[in-house]
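Following: one structure in structure tokens, then a few remarks.
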Amino acid sequence: MPTAARYPRAFYRRDPVHVARELLGQRLVHVVHGHRRAGLILETEAYLGYEDKAAHSYNWKKTERTKTMFADGGTAYVFLNYGIHHLLNIVVARVDQPQAVLIRAVEPTEGLDAMRADRPKAKTDRDLCSGPGKLGAAFGIDRTHDGTDLTASPTLFVERVRARSLPDRQIVACPRIGVDYAGDWAAKPLRFLIRDHPGVSVRARNP
DNA sequence: CCTCTGATCTTCT
DNA sequence: GAAGATCAGAGGG
């Protein structure tokens, strides 16, 4: 049985595009009440720090909400969106370089019963985690997880299930979702998904 | 398939 | 007081 290693700090201390691509196909894990919920990451977005108009940290904006963006690579940044949804990011790069990767969709593989209980409106198992707000609920993630060190936490982390990133031909890069306000940054190909995989976020029109 | 809209609430201006 | 890195449901084609 293969050992799925957790990523070390060095993996996260890199640029967000690199990390966002390499996270595809790896496994997100949250242990809730001693029970694993897990799934393969299908869709990510890179947020590029103080220059990126779509990023919370644009223009070095550092507030009570966004301060976690300035933490070290490997830290979870969880925020409440639209008053309803908890979105999970992984901070990358170094302290005070506010860059992050948003996890947008996961194919659930473990803890399906618990996910169904926390996502009562999901009509199918594919819908459990096919969007950033959905997977936050399915995984039982909320703002108490903001600031969690994914390289050390016993309950929230990413497991490496393949040694390398997927080959380029299996990765689609396209514009990010819901950032039309970001001007020229809205069109940049900073959203990454596994080609032809059905479980990605519905809201996005997938190329 | 598509577009529109209400829900819900923290944060910052 | 307004604005969200969203979702689900309703209605129309």
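Letters A, B, ... are given to chains in the order of the sequence lines, protein chains preceding strands, and every chain is numbered from 1.
The separation between A/Arg176 atom CZ and C/dA5 atom P is 11 Å, rounded to whole Å. Rounding to whole angstrom units, OH of residue A/Tyr47 and C1' of C/dG4 are separated by 12 Å. Put simply, CZ on A/Arg104 is 11 Å from P on C/dA5, counting in whole angstrom units. Atom CD1 in A/Ile103 sits about 16 Å away from atom C1' in C/dT6, given to the nearest Å. When the P atom of B/dC9 is taken as reference, atom CG of A/Leu87 falls 16 Å away, rounded to whole Å. When rounded to the nearest whole Å, the span between CZ of A/Arg143 and P of B/dC9 equals 10 Å. As a whole-Å value, the separation of A/His56 NE2 from C/dA3 P is 15 Å. Summarising the geometry, the separation between CG on A/Leu48 and C1' on C/dA5 is reported as 14 Å, rounded to the nearest angstrom.
Residues of residues 118-125 of chain A that place a heavy atom closer than 4.0 Å to DNA chain B do not occur. Listed in residue order, the members of residues 60-68 of chain A having a heavy atom less than 4.0 Å from DNA chain B are A/Thr63, A/Glu64, A/Arg65.
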A/Val32/A/Thr155 under side chain to side chain contact (heavy atoms under 4.5 Å, CB included): CA gap, chis, key distance, verdict | CA-CA 7 Å; A/Val32 184; A/Thr155 55; over 6 Å; no

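The cationic group of A/Arg37 does not satisfy the cation-pi geometry with A/Phe139, failing either the under 6.0 Å distance to the six-membered ring centre or the 45° limit from the ring axis.
Using a 4.5 Å heavy-atom cutoff, the side chains of A/Arg162 and A/Gln26 are in contact. At least one side-chain heavy atom of A/Lys53 sits under 4.5 Å from a side-chain heavy atom of A/Asp184. Contact annotation: the side chain of A/Phe11 approaches that of A/Leu23 to within less than 4.5 Å [non-hydrogen atoms, C-beta and beyond].
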Nucleotides 6-8 of chain B: which of its N/O atoms have a protein N/O under 3.5 Å away?
unit_1: B/dT8; atom_1: O2; unit_2: A/Tyr82; atom_2: O; d: 2.5

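By the side chain to side chain contact (heavy atoms under 4.5 Å, CB included) test, A/Ile171 is found to be paired with A/Arg21, A/Leu24, A/Leu166, A/Phe192, residues two or more places apart in sequence or in another chain being considered. Evaluation of the side chain to side chain contact (heavy atoms under 4.5 Å, CB included) rule for A/Val95 yields A/Asp72 as partners, not counting sequence neighbours. Qualifying side chain to side chain contact (heavy atoms under 4.5 Å, CB included) partners for A/Arg116, counting only residues two or more places apart in sequence or in other chains: A/Leu112, A/Asp113, A/Asp125, A/Leu128. Under the salt bridge (Lys or Arg N to Asp or Glu O under 4.0 Å) criterion, A/Lys61 pairs with no residue at all, not counting sequence neighbours. Qualifying side chain to side chain contact (heavy atoms under 4.5 Å, CB included) partners for A/Tyr50, counting only residues two or more places apart in sequence or in other chains: A/Trp60. Under the salt bridge (Lys or Arg N to Asp or Glu O under 4.0 Å) criterion, A/Asp146 pairs with no residue, sequence neighbours left out.
We find the CD-CD distance between A/Glu43 and A/Glu107 to be 13.5 Å, quoted to the nearest 0.5 Å.
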For residues 174-181 of chain A, run the donor-acceptor check on the side chains, cut-off 3.5 Å, and write out each pair with its distance to 0.1 Å, sequence neighbours left out.
unit_1: A/Arg176; atom_1: NH1; unit_2: A/Ala46; atom_2: O; d: 3.0
unit_1: A/Arg176; atom_1: NH1; unit_2: A/Asp52; atom_2: OD2; d: 2.7
unit_1: A/Arg176; atom_1: NH2; unit_2: A/Asp52; atom_2: OD1; d: 3.1
unit_1: A/Arg176; atom_1: NH2; unit_2: A/Trp185; atom_2: O; d: 3.2
unit_1: A/Tyr181; atom_1: OH; unit_2: A/Ala54; atom_2: O; d: 3.3

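Heavy atoms of A/Leu102 sit under 4.0 angstrom from at least one base atom.
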Which nucleotides of DNA chain C pair, in dot-bracket form (Watson-Crick or G-U under 3.5 Å, | meaning another strand) = ||||.|||||||.

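With side-chain heavy atoms closer than 4.5 Å counting as contact, directly or through intermediates, A/Tyr58 stands alone and belongs to no larger hydrophobic cluster.
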